[in-house]
Amino acid sequence: MYSVLHAVVPPVAKLIWRPTVTGLDNVPRTGPIILASNHLSFADSLVIPIVAPRKVVFLAKSDYFTGTGIKGRLQKAWFEGMGLIPVDRDDSRAAIASLDTALEVLGRGEAFGIYPEGTRSRDGRLYRGRTGVAHLALTAGVPVVPVGITGTEKLQPIDSRLPRVVPVTVTFGTPIDVAGRYDGVPLGKARREITDQIMRAIQALTGQEEAGVYNARPEE
């Protein structure tokens with residue numbers, strides 16, 4: 001399904017939206033890699049895999065995979081075909097399960113996409129990064145490519161069902177390699193320093209105002 005969708009969707013999407021994409025040479029074509037991006041819209045998880053030079057796996061809430069009838073089956077096939085993996089965000093063990101899933105993806109030599117902010121920014125500011133991204137980088141010993149994305153908050157605004165044709169920009173930054181750099185550094189300190197470095201790199205790509213606090217998941 002992935003091969004079929006990616007033979008059709010990216011060319012069509014690029015023709016319609018004509019996204020501005022820079023820094024593709026910063027994304028290794030093979031081997032495990034983490035793509036850490038800011039987060040403005042659910043569409044980010046579709047835009048990045050569409051423009052990236054290789055398959056990128058993202059996690060998505062399980063609700064997108066549990067629909068019924070023909071529509072539900074088609075929606076599930078679409079998300080799975082785009083490389084999304086379901087995760088139950090209401091499960092108290094979801095955070096740990098998500099990290100385990102990410103490590104499995106990286107262990108297969110694939111690219112894993114993550115949003116260090118944890119949830120979408122509803123005011124356009126860049127929120128403080130959570131250290132799960134650093135945990136993955138240190139545990140798997142893989143580099144992190146910072147990704148800056150702009151315009152997707154207008155492409156598919158929150159609570160909007162259909163995408164709009166608006167300018168979208170995706171920038172892939174210089175990889176951040178953590179292997180061997182934090183030997184002997186207390187784990188908590190290393191995770192925080194790596195995460196802050198990643199967020200600074202993302203901010204440099206997007207120019208977003210920094211919120212200076214963590215982003216809370218909105219009540220549904």
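Since we're looking at a predicted model, the values are computed, not measured.
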On a heavy-atom basis, which atom in [X] and which in [Y] lie closest, and how many Å separate them?
X    : Y    : result
Y127 : V213 : CD2-O, 3.2 Å
V144 : A137 : CG2-CB, 3.7 Å
V51  : P19  : CG1-CG, 4.0 Å
V57  : K55  : CG2-CE, 4.0 Å
G124 : Q208 : O-NE2, 3.0 Å
G151 : L40  : N-CD1, 4.4 Å

Nearest 0.5 Å, please: how far is [atom2] in [Y] from [atom1] in [X]?
X    : Y    : atom1 : atom2 : result
R120 : E153 : CZ    : CD    : 12.0 Å
E193 : T131 : CD    : OG1   : 12.5 Å
I114 : H135 : CD1   : NE2   : 10.0 Å
I194 : Y182 : CD1   : OH    : 5.0 Å
T101 : L103 : OG1   : CG    : 9.0 Å

Connected via hydrophobic side-chain network under 4.5 Å: [X] and [Y]:
X    : Y    : result
V8   : I50  : yes
V165 : V168 : yes
V178 : V142 : yes
I198 : L59  : yes
Y214 : V133 : no

Using distance alone, with no hydrogens and no angle criterion, decide if [X] and [Y] have a side-chain donor and acceptor under 3.5 Å apart.
X    : Y    : answer
T150 : T206 : no
T152 : D44  : yes
Y115 : S45  : yes

I'd like to know if the side chain of [X] and the backbone of [Y] have a donor-acceptor N/O pair within less than 3.5 Å.
X    : Y    : value
R181 : D177 : yes
N38  : Q203 : no
E117 : L126 : no
R130 : R128 : no
R54  : P28  : yes
Q197 : T195 : no

Subject >> N26 and P175, any side-chain heavy atoms less than 4.5 Å apart >> reply: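 Heavy-atom side-chain distance check passes, below 4.5 Å.
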Original post:
Does the side chain of I202 reach to within under 4.5 Å of the side chain of S37, using non-hydrogen atoms?
Top reply: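 Heavy-atom side-chain distance check fails, nothing below 4.5 Å.
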**OP:** Run the numbers on V147 and V170 for side chain to side chain contact (heavy atoms under 4.5 Å, CB included), then give the verdict.
**Re:** CA-CA 7 Å; V147 182; V170 183; 3.9 Å; yes
Original post:
Does a side-chain N-to-carboxylate-O contact under 4.0 Å join R192 and D196?
Top reply: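 So R192 pairs with D196 through a salt bridge.
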**OP:** Take F172 and V21 through the test side chain to side chain contact (heavy atoms under 4.5 Å, CB included) and record every step on the way to the result.
**Re:** CA-CA 8 Å; F172 298 93; V21 185; 3.9 Å; yes
Subject >> V145 and its side chain to side chain contact (heavy atoms under 4.5 Å, CB included) partner, picked from V56, I33, I34 >> reply: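 Testing each of V56, I33, I34 against V145, the sole residue satisfying side chain to side chain contact (heavy atoms under 4.5 Å, CB included) is I33.
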Subject >> L46 and F58: CA distance, side-chain angles, deciding distance, side chain to side chain contact (heavy atoms under 4.5 Å, CB included) verdict >> reply: CA-CA 9 Å; L46 300 177; F58 276 95; over 6 Å; no
**OP:** Show your working on side chain to side chain contact (heavy atoms under 4.5 Å, CB included) between S41 and L155 and close with a plain yes or no.
**Re:** CA-CA 8 Å; S41 166; L155 188 156; 5.9 Å; no
